[in-house]
4 protein chains.
Amino acid sequence: MITAEPKNRRDRRRAARQEQILEAAAVVFSQNGYERATMKEIAQQADVSEGTLYNYFDNKIDLLNGVARAFADEVTRKIANIEANNLRDMMAQLLTDRFRSGRERRLFMLFLYEARLHPEIQQYYSQQALQRIIDETEKRFRGLIDAGVMRAIDPGVAARTISAAIMGFAALYELGRYGGGDNGFSPQKWGAQVTDIFLNGLAAEMVQ
Amino acid sequence: MITAEPKNRRDRRRAARQEQILEAAAVVFSQNGYERATMKEIAQQADVSEGTLYNYFDNKIDLLNGVARAFADEVTRKIANIEANNLRDMMAQLLTDRFRSGRERRLFMLFLYEARLHPEIQQYYSQQALQRIIDETEKRFRGLIDAGVMRAIDPGVAARTISAAIMGFAALYELGRYGGGDNGFSPQKWGAQVTDIFLNGLAAEMVQ
Amino acid sequence: MITAEPKNRRDRRRAARQEQILEAAAVVFSQNGYERATMKEIAQQADVSEGTLYNYFDNKIDLLNGVARAFADEVTRKIANIEANNLRDMMAQLLTDRFRSGRERRLFMLFLYEARLHPEIQQYYSQQALQRIIDETEKRFRGLIDAGVMRAIDPGVAARTISAAIMGFAALYELGRYGGGDNGFSPQKWGAQVTDIFLNGLAAEMVQ
Amino acid sequence: MITAEPKNRRDRRRAARQEQILEAAAVVFSQNGYERATMKEIAQQADVSEGTLYNYFDNKIDLLNGVARAFADEVTRKIANIEANNLRDMMAQLLTDRFRSGRERRLFMLFLYEARLHPEIQQYYSQQALQRIIDETEKRFRGLIDAGVMRAIDPGVAARTISAAIMGFAALYELGRYGGGDNGFSPQKWGAQVTDIFLNGLAAEMVQ
DNA sequence: AATGAATGAGACTTCATTCAT
DNA sequence: TATGAATGAAGTCTCATTCAT
């Protein structure tokens with residue numbers, strides 16, 4: 001018999017229900033932020049009663065933690081699965097993948113913001129989730145440097161710079177019209193141009 | 001036109017009191033975030049009573065709006081005052097100025113995050129404050145392009161890319177240890193390296 | 001007569017399970033009090049599921065009633081079994097037996113306190129349980145009066161006075177250090193002295 | 001000017017309001033016990049809103065603590081004010097004073113019971129309140145021993161024995177009909193008889 | 001008969017806002 | 001104009017009880 005994880009029917013139901021709650025929480029948290037999200041609304045979104053939430057998570061912050069965990073797993077996996085041998089493709093995928101899903105954009109912002117305010121999230125998110133995302137990016141950069149298609153920049157610095165820009169863009173994007181002005185700053189346009197900036201830099205010629 | 005602002009003693013006193021409250025609100029909001037900041041705490045920080053807050057601002061969100069307005073004024077002014085004729089100095093000042101003050105870092109995050117959740121802030125912040133900051137940056141870039149020290153990249157895209165990265169770094173910085181890892185990622189080190197990335201790009205050689 | 005109670009195997013099993021639940025409930029109620037005791041904790045202590053509790057008892061208050069019933073049976077039986085022909089031995093056993101078991105002390109307090117708040121307990125406990133305990137004590141006192149070793153005091157009044165003191169001491173004892181002060185008020189010391197007070201009174205000489 | 005405590009009008013109002021809330025809390029706690037008393041009911045009894053309770057007390061347990069404090073003050077004062085030079089009067093007043101007020105009877109039970117369950121109350125009540133009550137009683141007994149109207153029994157033991165009996169009687173009394181049976185056990189009758197027991201003891205003759 | 005997940009009423013508590021002083 | 005006590009709506013969380021499996 002091969003069925004791995006969910007041993008019996010009850011365990012499968014529990015896992016499914018937990019997933020269903022996490023899904024609902026991700027939706028509500030990403031829409032309203034942590035503080036303005038209410039357990040009542042999450043319960044309604046998950047189509048369960050409020051009490052049921054507490055059968056699966058200790059409290060509201062634990063629920064946010066669960067969402068953070070699932071989110072970090074997903075993003076790390078996505079980055080690890082990027083298939084790109086040249087720098088341009090890698091950059092393009094790093095930059096654009098983060099923007100396909102509005103929920104992912106908003107969760108990125110959510111955790112960055114809330115982590116500072118909630119010690120429990122801070123500990124997990126900054127030391128586990130974000131660390132893994134950055135590490136994965138760094139690893140990919142290291143591969144490209146070894147392949148000779150990327151300058152020998154500290155891959156940790158590069159990974160953080162790209163990650164920071166992605167986060168910032170996520171925020172600008174969510175604010176609508178990229179921080180004001182609808183001057184043709186379309187996804188298609190900036191995708192190419194931002195990649196160009198990161199690849200070739202801003203300087204007219206190489207500056208030391 | 002002569003500075004007609006503080007007409008008489010009463011008006012001067014009102015302006016001073018309003019400034020004092022905004023200052024306190026900026027401190028408390030930047031520390032605790034909007035939702036977790038309480039009017040009582042702001043009042044204590046400003047050394048006035050809770051009721052007095054309502055003599056100067058309609059409600060809590062109006063107070064956040066006031067802080068946003070003052071913040072945007074200050075940042076715009078700082079950017080306009082940057083004295084730099086070459087790209088490296090410009091980049092260095094853009095990147096490092098935003099990190100001198102912990103309060104400025106946190107307020108940056110605060111408005112980015114809260115603007116999406118509060119229509120009133122959204123309207124003002126994304127259309128006025130952020131717009132002005134980006135416009136000012138764009139204008140400076142345009143000058144550098146005209147001076148021939150910067151590639152002829154769309155200055156709007158460049159301004160938004162830099163701004164996004166700054167915001168992202170602000171968040172990473174606040175999370176402590178730059179998102180995990182104490183691998184010598186010191187302010188001195190990343191200041192130079194990040195500038196290098198933005199000036200010269202990541203690619204081993206110019207990529208089209 | 002052969003113990004005719006447990007007719008068949010199923011009944012024996014039911015009785016054993018009921019006993020097991022009552023035992024667990026007595027432990028949890030005596031530790032936490034009625035309101036703070038949870039059905040979940042009682043179930044865990046009894047090593048059954050929450051649902052099973054409701055197969056043996058209608059609800060929480062019915063469970064408390066069951067504990068009260070068993071408790072009254074046990075105490076009444078103990079008093080009836082005291083073997084003492086003189087007043088001093090009787091007093092010593094009445095006073096000290098109630099303190100051997102911490103659980104018995106706490107259950108004494110529990111029922112006294114909760115009975116007033118819960119009509120169902122009130123009815124049973126004050127009219128059945130306590131009544132039987134006091135009646136049994138009264139009966140024993142009557143025997144001692146008849147034997148001429150005890151003054152011809154109303155045995156009902158005497159029984160209630162002794163019972164009241166026992167309850168009060170149970171409470172003081174549970175509070176730790178007998179209401180404060182560790183001035184040598186050891187079980188050995190007060191056992192003898194309290195008996196002396198009840199036997200010989202406080203007055204310097206017989207007062208009318 | 002002699003007016004001591006309440007300096008100005010606002011302070012007087014605050015003190016009065018706090019008193020009013022404590023009064024209401026004492027009523028509701030004594031009627032329903034701690035757990036079953038609700039903040040809503042206390043607020044209604046005090047004729048204020050629920051929120052106002054929290055302007056004067058940190059939380060529910062702090063409110064119970066406040067009631068305990070006031071109660072201990074009152075009982076200690078009453079005992080100190082007993083005017084009695086002979087043992088019979090002293091006993092009569094100790095025994096009967098505690099029973100005049102149903103609220104005092106019930107509060108006695110309340111604190112004895114809850115103190116064990118709530119560490120905060122435990123600390124204050126058993127170490128401060130009860131200690132003071134017992135100490136005051138002990139002091140009075142010492143005076144009677146010195147006056148030669150009381151046997152040279154350890155006054156600490158005597159004070160605890162009397163206190164224990166009083167508490168136990170308070171409980172029996174509250175249970176209605178003194179633990180069942182309406183056999184002429186009237187307040188008048190038991191007052192005299194219990195005093196007799198404590199004065200002269202149960203034994204037919206002095207027992208060693 | 002046993003299980004334990006689901007339910008939802010109701011508890012405590014917070015806090016923006018009002019208003020009498 | 002300044003104060004801060006009062007308000008009460010709304011939030012998080014608990015837990016006795018039910019019921020499908």
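Just so it is clear: chains get the letters A, B, ... in the order the sequence lines come, proteins before strands, and each one is counted from 1. Small disclaimer: the values here were computed from a predicted structure and weren't measured.
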| Would you say the base of E:dA16 and the side-chain of B:Asn59 have a donor-acceptor pair closer than 3.5 Å? | no
| said: Any carboxylate oxygen within less than 4.0 angstrom of a Lys/Arg side-chain nitrogen, looking at A:Glu41 and A:Arg36? | reply: no
| Distance in angstrom units between D:Tyr34 OH and E:dC12 P, rounded | 8 Å
| request: For D:Ala43, report the nucleic acid contact type (base, sugar-phosphate, nothing); a contact means any heavy atom under 4.0 Å. | output: nothing
| task | Return the value, rounded to whole Å, for the distance between atom CG of B:Asn32 and atom C1' of E:dC15. | result | 14 Å
| Minimum-distance nucleotide to D:Met39 side chain [options: F:dT17, E:dA16, E:dC12] | E:dC12
| Any side-chain N or O of B:Lys60 less than 4.0 Å from the OP1 or OP2 oxygen of E:dA16? | yes
| said: OP1 or OP2 of E:dA5 versus the side-chain N and O atoms of A:Arg14: is any pair under 4.0 Å? | reply: yes
| query | Closer than 4.0 Å, any side-chain N/O of A:Thr52 to the OP1 or OP2 of E:dA5? | reply | no
| remark: Residue pair D:Gly51/C:Asp58 against DNA chain F: nearer the 5' end by closest nucleotide is D:Gly51
| query | Can you check the B:Leu63 CG to E:dT17 C1' distance for me, whole Å? | reply | 13 Å
| message | By the definition side-chain contact (heavy atoms from CB on, under 4.5 Å), identify the one residue from C:Thr52, C:Asn65, C:Leu22 that meets it with C:Phe57. | response | C:Leu22
| query | What's the CD-C1' distance between B:Glu41 and E:dA16, to the nearest Å? | reply | 14 Å
| field | Comparing A:Arg13 and D:Arg13 on DNA chain E - which has the more 5′ nearest nucleotide | value | A:Arg13
| field | Phosphate contact (F:dT3 OP1 or OP2) by B:Ser49 side-chain N/O below 4.0 Å | value | yes
| task | Specify whether A:Phe111 and A:Phe71 have parallel, tilted or perpendicular ring planes, treating 30° as the upper limit for parallel and 60° as the lower limit for perpendicular. | result | tilted
| field | Any B:His118 side-chain heavy atom under 4.5 Å of B:Tyr34 side chain | value | yes
| note | Heavy-atom nearest nucleotide on DNA chain F taken for B:Arg10 and for A:Glu35; more 5' hit belongs to B:Arg10
| Length of the CG-P vector between A:Asp62 and F:dT14, whole Å | 12 Å
| Closer than 4.0 Å, any side-chain N/O of B:Arg17 to the OP1 or OP2 of F:dA2? | yes
| So, B:Arg103 and B:Glu23, do they make that salt bridge, N to O below 4.0 Å? | yes
| remark: From the candidates E:dA11, F:dG4, F:dT18, the one with an atom nearest any side-chain atom of D:Thr38 is E:dA11
| request: Would you indicate, yes or no, if F:dA6 has its OP1 or OP2 atom less than 4.0 angstrom from a side-chain nitrogen or oxygen of D:Tyr56? | output: yes
| task | Provide the Watson-Crick or G-U wobble partner of F:dT21, both distances under 3.5 Å; none if there is no partner. | result | E:dA2
